[in-house]
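Data first, discussion second: the structure below is written as structure tokens.
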Amino acid sequence: MTDASTNMRLKLPIVCFILQIILIILFGVLVQYDHEVDAKKWHSHNHSDYDNDFYYRYPSFQDVHVMIFVGFGFLMTFLQRYGFSSVGFNFLIAAFALQWATLMQGFFHGMHGGKIHIGVESMINADFCTGSVLISFGAVLGKTSPIQLLVMALFEVTLFAVNEFILLSVLGAKDAGGSMTIHTFGAYFGLIVARVLYRPNLNKSKHRNSSVYHSDLFAMIGTIFLWMFWPSFNSAITAHGDDQHRTALNTYYSLAACTLSTYGMSALTAHDGKLDMVHIQNAALAGGVAAGTAGEMMLTPFGSMIVGFLAGIISVLGFKFLSPILEEKLKIQDTCGVHNLHGMPGILGAIVGAVTAAVASTDTYGDGMADVFPDVATGDVEASFQGIRQAISLAVTLGMALLGGLIVGFIMKLPVFGAPPDALCFEDSIYWEVSGNKLLFFDDWLNYSGKKTTKIIKYFINDSKSPIKLVVY
Amino acid sequence: MTDASTNMRLKLPIVCFILQIILIILFGVLVQYDHEVDAKKWHSHNHSDYDNDFYYRYPSFQDVHVMIFVGFGFLMTFLQRYGFSSVGFNFLIAAFALQWATLMQGFFHGMHGGKIHIGVESMINADFCTGSVLISFGAVLGKTSPIQLLVMALFEVTLFAVNEFILLSVLGAKDAGGSMTIHTFGAYFGLIVARVLYRPNLNKSKHRNSSVYHSDLFAMIGTIFLWMFWPSFNSAITAHGDDQHRTALNTYYSLAACTLSTYGMSALTAHDGKLDMVHIQNAALAGGVAAGTAGEMMLTPFGSMIVGFLAGIISVLGFKFLSPILEEKLKIQDTCGVHNLHGMPGILGAIVGAVTAAVASTDTYGDGMADVFPDVATGDVEASFQGIRQAISLAVTLGMALLGGLIVGFIMKLPVFGAPPDALCFEDSIYWEVSGNKLLFFDDWLNYSGKKTTKIIKYFINDSKSPIKLVVY
Amino acid sequence: MTDASTNMRLKLPIVCFILQIILIILFGVLVQYDHEVDAKKWHSHNHSDYDNDFYYRYPSFQDVHVMIFVGFGFLMTFLQRYGFSSVGFNFLIAAFALQWATLMQGFFHGMHGGKIHIGVESMINADFCTGSVLISFGAVLGKTSPIQLLVMALFEVTLFAVNEFILLSVLGAKDAGGSMTIHTFGAYFGLIVARVLYRPNLNKSKHRNSSVYHSDLFAMIGTIFLWMFWPSFNSAITAHGDDQHRTALNTYYSLAACTLSTYGMSALTAHDGKLDMVHIQNAALAGGVAAGTAGEMMLTPFGSMIVGFLAGIISVLGFKFLSPILEEKLKIQDTCGVHNLHGMPGILGAIVGAVTAAVASTDTYGDGMADVFPDVATGDVEASFQGIRQAISLAVTLGMALLGGLIVGFIMKLPVFGAPPDALCFEDSIYWEVSGNKLLFFDDWLNYSGKKTTKIIKYFINDSKSPIKLVVY
């Protein structure tokens, strides 16, 4: 079932070992504990233990961590025969990406005397960057080899760090929850990669590009964990105190409102007035994406709920009407519909952030302005200009994502990376040892009935294309 | 498969949009950030960031959040064909209820100058109130439409807030973990609703009102998350310091003891000395319910373990002997056995709380009395009278639940809400797009064998009542 | 299907009730709240609420709690027909072990004036000790009755507490994440028990000692939760401030590096260059085990990644080459391969800890030395000697585990405990009520077709050994 090109026997070990050894060397040369992690530095100052940033951010970090590994991983298990790859490749590329992101992000905004200083905040940022790669993964899910995904992660993390640096450090934009840096970037990057990797004959695997009952339930594990912990995601790196508190609260209400509009739109648009699991699994999360930029601002619960409400509507409409157009007209085969969950809601979030920033006033923020919009607080810029910065940041992000995705897509297209053939997309067994699970019922039978059946079933497992013989005593 | 009355094409969107738009308007008019969430107010005072209540309660909030969405949601996936609805409707009504609860609870005890002030504590309280609705959901699981559930949530949240106000503010009772306000109220409210919605011909769906292997494993995800995080649930809104610490610890030991008595009772009562998943999934949690009132008191680990031990025994006996009687004699079809998990253990918890309060003394509590029993600390009331308050609170809760459930049950009975017919209860496909997953094996076959088979299988899928033809080459 | 000896009708209730009642009595006599949990004691001192250890450790405790109940529980659901027992027995023995561990550990290092003082730290330690028992459970998974497991837990917890006391209190070793006390001890204890319980005819159940598609996905839930929360596990009881921060960070990078080497080695060694779920589910976690001792030390991210990288390689090689030898030559049937996940990586972690301790210097640790190596800080011992202490601790742990496992294995072998026969190992239905789930497809059919089929299927369910008749209309 596996031909030479897709055989990972040598390719995957070589790539994994080389990447990991390079990472280890670079960490050895460049990375140090920051002053809150280092035994000597921490104790050389006089402070209480609870001043350590660990206690402000570690619980949020763990929630983010769950979103990255359980949330994204299981959300993609909806495919009937791609569960191992969904969770397993998510696991692999995330484990690589978070290490590489530590270096790339550290290089751009963590250098102190030639060394990258790391702690809980850099861990959160590394997970954030990883999330962006996993969003792109969703667009190409089922059509790529693990090596292609590692290559994508290698380049995407780098470009993510550059884009993040431009937005936050050069342009002075705010994007705590990453509507732009994470969601918009990850989605459009992945969509362009999917365009470059377009497969005209993907319908050969069409019968596998769908869910079954249990796979949809596994996917709901991912959905619910993403939904629950999104308030922690958006608030994880905001300023201490009211900022983290406010961001979590805004996201909480945005998601709740989004869920109701998603259910309403799903019943309205889906066949025969029935709810569509694809909408529930994805669109209900759009409220978190759309609150990613403005969540830390004085958006008010009222504003948050309007944002979430709109995000859910846009997302379901995208799944229903836009995705087919993307595939037919633009030749973008977006497996998980990341354009509907991360793309459009990310843009919405960016716009909401720009508008909310533009109307910020000392009346509303008081001395808290310094945390949310430091440049406005110092008087360096007007709030309206901060809004413009945010808008420019969205444009830059889209440009970086489209251009980056184009280049990286062509790199990923190189035949050496062992992409699956059209007829074996969305299929675990090409990269994974898969027991004869699809024959569970037969398998049971096998244990109770005679040799003859056994023989035939083995035969069926080994050569599934041949007609089935059913032995009836 | 769907007739006009159960078709949600228009009904569900209309209900979701109207409810959400009303919520948004009311939030716009009535709701404000509290002083720990608002940028201006927080910075107008001089305090350290770690004084912000966010750091005391947010980790507990997230644990409670997981219980509400993963815990309750997956606990109910034990039904073989109702997994989408269990997780999905749980998700929908919880997302609505937490918004509505913010308003109702705020109206009764969060008003400041005509505005409802919200923060992490109000988020926890909103999730608590939502939990009560989800308990009632368990009693009517499989026999109601999503619209009926939203209607139930609308009214139940309102009555919950009234009852909570009477107990905590008027009667001065203590009920941090909600043995009374959440569990007893939710359970008896739901049971009466189930009584009003009694279906004499429910046996038409009998073959679906049971579990299969994988659905029981999904349910265990819910059970285990509820069990693990229950200490956070009971301690989430207790006073800072020793109170949160003590409540979590008491609940931890109560649950551990409950688990052993549950396993013992299950083997003792179940068929052929085998363990029954229904008992493990539910009764093992009774120890958390029963520690909901006294958990914050000086119950001691010893007392907590006795409470948990008894709760497990009562709960298993309820499943074994009481549930059949409820169904046959009282015509209460309690799908999830909420009477055994939340009803009786809730009453036990209320009684334990009353007794523990009655024997409270300054010898035991010292200056900590002010946190647990403020009125006793100030000398306004005797500890014994505090015990009486607790007992009266249980009676009030039962009265509110029974009367409320009766009225709301009849409202839910209105034919317009699209309840499923008796023959299609416990069936996802009436409200959800369900792929032909039950034919997974066939489906696979289909991909490998000839046209003829294909045709027959389609036929089988489209009209499952017709006899099956099996093509053997 | 159940004969007298394996029937739990009376045995299990008796054991559960006796154990729990003894626990309750001992808690009543011996256990008290510590000064941070007790209302009077806490308020008798003048301190801020955030000084309460609850806020430093409770989030970590909950992460550890998830690892114990969801992590270990679901990791073992990979067996196709043992999911109920994997999660269910894990649940039962953990609930017992954490209570018993509170007493045993308290007896050795928690006594104050004849009383055992408990709080969040003792809860974490109790969960740690429980983890050790669950590791041993992995070695005998599928071949033991719940009573045998409770007996094992009873003795293993006791020996764990003795060993822990010798290491930490007598020898003055450091082992915050338990590479020695938890992983090495639990693994070798379990392996020796497995040796004593060796079954020459286990191949009678061979067809059940494997996974199916969905069971592997359930197992991944366990794997991912263990992987994500391991940083909390290793840092849960380290000193406040930089120590917790550093331990979490070291573990985070160790696990990431381990994941890449695991994927590489799996593709290199597995059949046909395909990834093996067994490796991914287990070996990817070895990085957490190996960072259990040195994680709190100034290991540096560089060092942590090397440790994790090696742990992954060792673990996969163990599964591939060592496990078959253990079974054939040493007659150790290690169901979950705990030797590869906990045994060898635990020893690696102990050695890394000894070396890292031996090279500790004030240059590196500054005043932080007092937290990590108090005796070195006071000058009582040289760092090099601390390294020797660590090495001796490993030897002691191995000795205690091997000797203890030998004795306890023979106790567990007593016929009265109701072990399953060789032909019914790895089978839930011997101890659990199991619905006819293996016949899901038939079951559905049953609902649509005639009486005749029904009869035959019932017959099939009741006596699965008889040949199957398939009715074709």
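To find a chain, count down the sequence lines: A is the first, B the second, and so on, and within it residues start at 1. This one's a predicted model, so the numbers in the text were calculated from it and none came from an experiment.
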Task: Approximate separation, where rounding is to 0.5 Å, of B:Phe225 CZ and A:Ile224 CD1 - done: 12.0 Å
Task: Contacting moiety of A:Ser215, where chain B heavy atoms sit under 4.5 Å - done: neither
TODO: Determine the minimum heavy-atom distance between B:Ser429 and A:Lys274, stating which atoms define it.
DONE: O-NZ, 2.7 Å
Open item on the list: For the backbone of A:Ala270 and the side chain of B:Arg9, can you confirm whether one donor and one acceptor N or O come within less than 3.5 Å of each other?
Closed with: yes
TODO: Begin from the C-alpha positions of A:Leu275 and B:Met8 and carry the test side-chain contact (heavy atoms from CB on, under 4.5 Å) through to its verdict.
DONE: CA-CA 8 Å; A:Leu275 293 163; B:Met8 294 286 129; over 6 Å; no
Open item on the list: To the nearest 0.5 Å, what is the distance between CH2 on B:Trp432 and CG on A:Asp276?
Closed with: 9.0 Å
Open item on the list: Shorter than 4.5 Å, heavy atoms on both sides: which option in A:Thr269, A:Val372, A:Ile280 has the most such pairs with chain B?
Closed with: A:Ile280
- [ ] Identify which of B:Leu12, B:Leu98, B:Ile25, B:Ile221 forms the greatest number of heavy-atom pairs closer than 4.5 Å to chain A.
- [x] B:Leu98
Task: Contacting moiety of B:Ile14, where chain A heavy atoms sit under 4.5 Å - done: neither
Open item on the list: As an exercise, state the distance from CG of B:Leu23 to CZ of A:Phe302, rounded to the nearest 0.5 Å.
Closed with: 12.0 Å
Task: Nearest heavy-atom neighbours spanning B:Phe96 and A:Leu260 - done: N-CD1, 3.5 Å
Open item on the list: Heavy-atom pairs under 4.5 Å with chain A - which of B:Leu150, B:Val87, B:Ile68 has more of them than the others?
Closed with: B:Val87
- [ ] Give the member of B:Lys40, B:His35, B:His47 that has the highest number of heavy-atom pairs under 4.5 Å with chain A.
- [x] B:Lys40
Task: Choice from B:Val120, B:Asp53, B:Val31 maximising heavy atom contacts with chain A below 4.5 Å - done: B:Val120
TODO: Heavy-atom distances under 4.5 Å only: say whether B:Leu26 touches chain A with side chain, backbone, both or neither.
DONE: neither
Task: Closest-packed option against chain B by number of heavy-atom pairs under 4.5 Å, given A:Gly366, A:Ala248, A:Ser232, A:Ser261 - done: A:Ser232
- [ ] Verify the distance criterion only: is there a donor paired with an acceptor across the side chains of B:His43 and A:Asp371 at less than 3.5 Å?
- [x] yes
Open item on the list: To the closest 0.5 Å, what do you measure between CD1 (B:Ile21) and CE (A:Met305)?
Closed with: 11.0 Å
Task: Leading residue by heavy atom contact count with chain B [cutoff under 4.5 Å; candidates A:Gly303, A:Ser304, A:Ala257, A:Ser235] - done: A:Ala257
Task: Contact class of B:Phe218 relative to chain A, heavy atoms under 4.5 angstrom - done: side chain
Task: Minimum-distance pair of heavy atoms, taken over all atoms of A:Gly273 and B:Asn7 - done: CA-OD1, 3.7 Å
Task: chain A interface, residue from B:Phe69, B:Phe91, B:Phe17, B:Trp42 that has the most non-hydrogen pairs under 4.5 Å - done: B:Phe91
Task: Considering all heavy atoms, the nearest B:Ile118-A:Leu249 contact - done: CD1-CD2, 3.7 Å
Open item on the list: Using every non-hydrogen atom in the two residues, find where A:Gly264 and B:Pro13 come nearest and quote the distance to one decimal.
Closed with: O-CG, 3.2 Å
Open item on the list: If the condition is ring pair (Phe, Tyr, Trp, His ring centres under 6.0 Å), which residues does B:Tyr55 pass it with, not counting sequence neighbours?
Closed with: A:Tyr56
Task: Region of A:Met297 in contact with chain B, defined by heavy-atom distances below 4.5 Å - done: backbone
Task: Distance in Å, B:Gln20 CD paired with A:Ile306 CD1, rounded so as to fall on 0.5 Å steps - done: 10.0 Å
- [ ] For chain B, find its close neighbours in residues 58-66 of chain A: heavy-atom separation under 4.5 Å, sorted by number, or none.
- [x] A:Pro59, A:Asp63
TODO: Report yes if the distance between the aromatic ring centroids of B:Phe84 and A:Tyr213 is under 6.0 Å, otherwise no.
DONE: yes
Open item on the list: Hydrogens and angles aside, do B:Asp49 and A:Tyr50 bring a side-chain donor and acceptor to less than 3.5 Å of each other?
Closed with: no
Task: Contact origin within B:Asp428 toward chain A - heavy atom pairs under 4.5 Å - done: side chain
Task: Heavy-atom contact with chain A under 4.5 Å, split by part of B:Leu92 - done: both
Open item on the list: Evaluate B:Asp127 against A:Tyr252 for side-chain contact (heavy atoms from CB on, under 4.5 Å), listing each step before the verdict.
Closed with: CA-CA 11 Å; B:Asp127 268 33; A:Tyr252 174 79; 2.8 Å; yes
- [ ] Carefully, step by step, assess A:Met228 and B:Val70 under the rule side-chain contact (heavy atoms from CB on, under 4.5 Å).
- [x] CA-CA 9 Å; A:Met228 294 185 300; B:Val70 167; 3.3 Å; yes
TODO: Please assess B:Asp38 against A:Asp242 for the test side-chain contact (heavy atoms from CB on, under 4.5 Å), listing each intermediate value before the final yes or no.
DONE: CA-CA 6 Å; B:Asp38 184 278; A:Asp242 61 297; over 6 Å; no
Open item on the list: For chain B, which candidate among A:Met298, A:Met369, A:Met220 shows the most heavy-atom pairs at distances under 4.5 Å?
Closed with: A:Met298
Open item on the list: For A:Phe309, which atoms come within 4.5 Å of any heavy atom of chain B: side chain, backbone, both, or neither?
Closed with: side chain
